[in-house]
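Quick notes on the structure that follows.
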Amino acid sequence: MPTPTRAGLEETAGRLVRLYAGLALYGTSAGLQLRAGLGLPPWDVLNQGVARHAGLSIGTASILIGALVLLLWIPLRQRPGLGTVSNVLLIGLSLDATLALVPAPSSLWARVPLLVLATALCGLATGLYISARFGAGPRDGLMTGLHRRTGRSVRLVRTCIELAVLATGFALGGSVGVGTVFFAVAIGPLAQFSLRLFGPSGSRTVAGNTAVAAVAPVPVETPAARPGTASR
């Protein structure tokens with residue numbers, strides 16, 4: 001095993017900062033969108049629906065659902081990385097912390113800007129933790145694993161997953177509204193901009209088109225290894 005160089009260690013440290021800052025911001029953005037009360041993204045609709053029925057916090061529900069999704073990786077032969085496990089834990093914890101600290105605004109004039117802020121933060125967070133390249137998030141790993149096993153396009157597989165999650169969450173009482181539509185329309189361009197901002201190499205490919213071959217985790221010991229992605 002090659003001895004890590006100082007430059008390599010500094011690069012790894014920088015990537016770790018981006019990973020954990022991005023995941024914390026992602027959970028914060030989810031909490032703010034929940035406080036806006038105008039509708040949630042599909043997976044958070046499911047998290048909220050499960051939380052209501054199970055008597056859990058939405059952050060705890062997010063952690064449990066993320067862990068269950070990881071179990072689906074086993075038959076799909078997906079390999080988790082540091083970013084995968086961190087994704088499952090940190091987003092849920094950050095989400096609950098945000099809900100504990102931020103009260104729900106009563107005025108629509110406050111809730112609309114909060115929704116916009118939450119979506120913008122989510123886009124920023126996406127660029128931070130994906131550019132860290134520490135492994136795919138549980139939901140994107142499910143997407144790419146199903147893509148490889150079924151031979152269907154990534155776009156079709158992702159759309160089917162999101163619709164199934166949204167329908168299940170809605171049936172369980174999760175919040176669907178204008179915020180759900182706004183998030184769906186805005187998050188793509190915001191994430192693309194953020195990926196190009198934080199990703200020094202290969203980010204344009206990931207930002208412009210989901211990179212199926214780039215989801216393998218990057219070992220911490222070898223910063224010069226081929227980049228992967230870490231996304232929710």
Side-chain angles (χ1 to χ4, degrees), residues 15-16 18-34 40-100 122 125-126 128-130 132-150 154 157-158 160-175 183 187 210 212 214-220 228-232:
R15 287 169 51 216
L16 284 169
R18 292 203 303 274
L19 171 66
Y20 289 110
L23 292 176
L25 278 177
Y26 201 108
T28 299
S29 72
L32 292 178
Q33 187 160 352
L34 183 63
L40 300 171
W43 282 98
D44 287 326
V45 173
L46 177 61
N47 293 336
Q48 187 184 52
V50 170
R52 286 178 172 175
H53 283 268
L56 303 170
S57 71
I58 187 172
T60 301
S62 173
I63 292 171
L64 293 177
I65 289 172
L68 289 174
V69 171
L70 277 183
L71 292 178
L72 297 177
W73 283 33
I74 297 174
L76 297 174
R77 298 181 181 179
Q78 294 285 95
R79 294 182 302 159
L82 174 65
T84 310
V85 178
S86 299
N87 184 301
V88 171
L89 296 174
L90 188 54
I91 289 178
L93 294 174
S94 178
L95 196 167
D96 274 349
T98 301
L99 293 177
C122 186
T126 299
L128 279 170
Y129 75 76
I130 288 181
R133 310 186 313 275
F134 276 107
R139 297 153 185 86
D140 277 352
L142 175 64
M143 172 191 71
T144 54
L146 288 173
H147 159 74
R148 281 195 289 263
R149 279 304 183 97
T150 64
V154 170
V157 170
R158 184 56 179 257
C160 290
I161 291 174
E162 295 292 317
L163 289 176
V165 166
L166 180 62
T168 303
F170 180 70
L172 291 173
S175 301
F183 183 91
I187 192 59
T210 303
V212 177
V215 296
V218 178
V220 176
T229 61
S231 60
R232 191 179 181 197

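Scanning for side chain to side chain contact (heavy atoms under 4.5 Å, CB included) contacts around Val50 gives Leu46, Ala61, Ile65, Leu172, with sequence neighbours left out. Here Ser57 pairs with Thr60, Asp96 under the side chain to side chain donor-acceptor pair (under 3.5 Å) rule; sequence neighbours left out. Residues passing the side chain to side chain donor-acceptor pair (under 3.5 Å) test with Ser94 are Thr28, sequence neighbours excluded.
Side-chain contact check for Leu128 versus Leu19: every heavy-atom pair is 4.5 Å or farther apart. Val45 is not listed as a side-chain neighbour of Val165, based on a closest heavy-atom distance of 4.5 Å or more. When side chains are defined from C-beta on, Ile91 does not count as touching Trp43, because their heavy atoms never get closer than 4.5 Å. Ser86 has its side chain out of reach of Phe134: every pair of non-hydrogen atoms, C-beta onward, lies at least 4.5 Å apart.
When all heavy atoms of Leu95 and Gly59 are compared, the closest pair comes out as CD2-N, 4.3 Å. Of all the heavy atoms in Leu89 and Ile63, the pair that sits closest is O-CD1, 3.8 Å. Scanning all heavy atoms of the two residues, the minimum distance from Leu40 to Asp44 falls at CD1-O, 3.7 Å. The two atoms that bring Val88 and Ala67 nearest to each other are CG1-N, 3.9 Å, heavy atoms only. Closest heavy-atom contact between Gln33 and Phe183: OE1-CD1, 3.5 Å.
Checked by atom type and distance alone, the side chain of Asn87 never pairs as donor or acceptor with a backbone atom of Gly83 at under 3.5 Å. Checking side-chain atoms of Arg15 against main-chain N and O of Arg133 turns up a donor-acceptor pair under 3.5 Å. Under a 3.5 Å cut-off, the side chain of Arg158 and the backbone N or O of Thr144 do not form any donor-acceptor pair. A donor-acceptor pair under 3.5 Å links the side-chain atoms of Thr84 to the main chain of Gly81, judged by distance alone. Formation of a donor-acceptor pair under 3.5 Å by the Ser62 side chain with backbone atoms of Ile58 is not found in this model. For the pair Gln48 (side chain) and Ser175 (backbone), a donor-acceptor distance under 3.5 Å is present.
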**Message:** If you apply the rule side-chain contact (heavy atoms from CB on, under 4.5 Å), what do you find for Arg77 with Arg148, and how did you get there?
**Reply:** CA-CA 10 Å; Arg77 298 181 181 179; Arg148 281 195 289 263; over 6 Å; no

**Request:** I would like to know whether Met143 and Ile161 meet side-chain contact (heavy atoms from CB on, under 4.5 Å); could you show each step before the answer?
**Result:** CA-CA 8 Å; Met143 172 191 71; Ile161 291 174; 4.2 Å; yes

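Judged by the 6.0 Å distance and 45° axis criteria, Arg18 is not positioned over the aromatic ring of Tyr129. Relative to the six-membered ring of Trp73, Arg79 misses at least one condition, a distance below 6.0 Å or an angle of at most 45° to the axis.
Distance check: Tyr20 OH to Leu25 CG gives 15.0 Å after rounding to the nearest 0.5 Å. Here CG of Leu16 is found 6.5 Å from CG of Leu82. Values are rounded to the nearest 0.5 Å.
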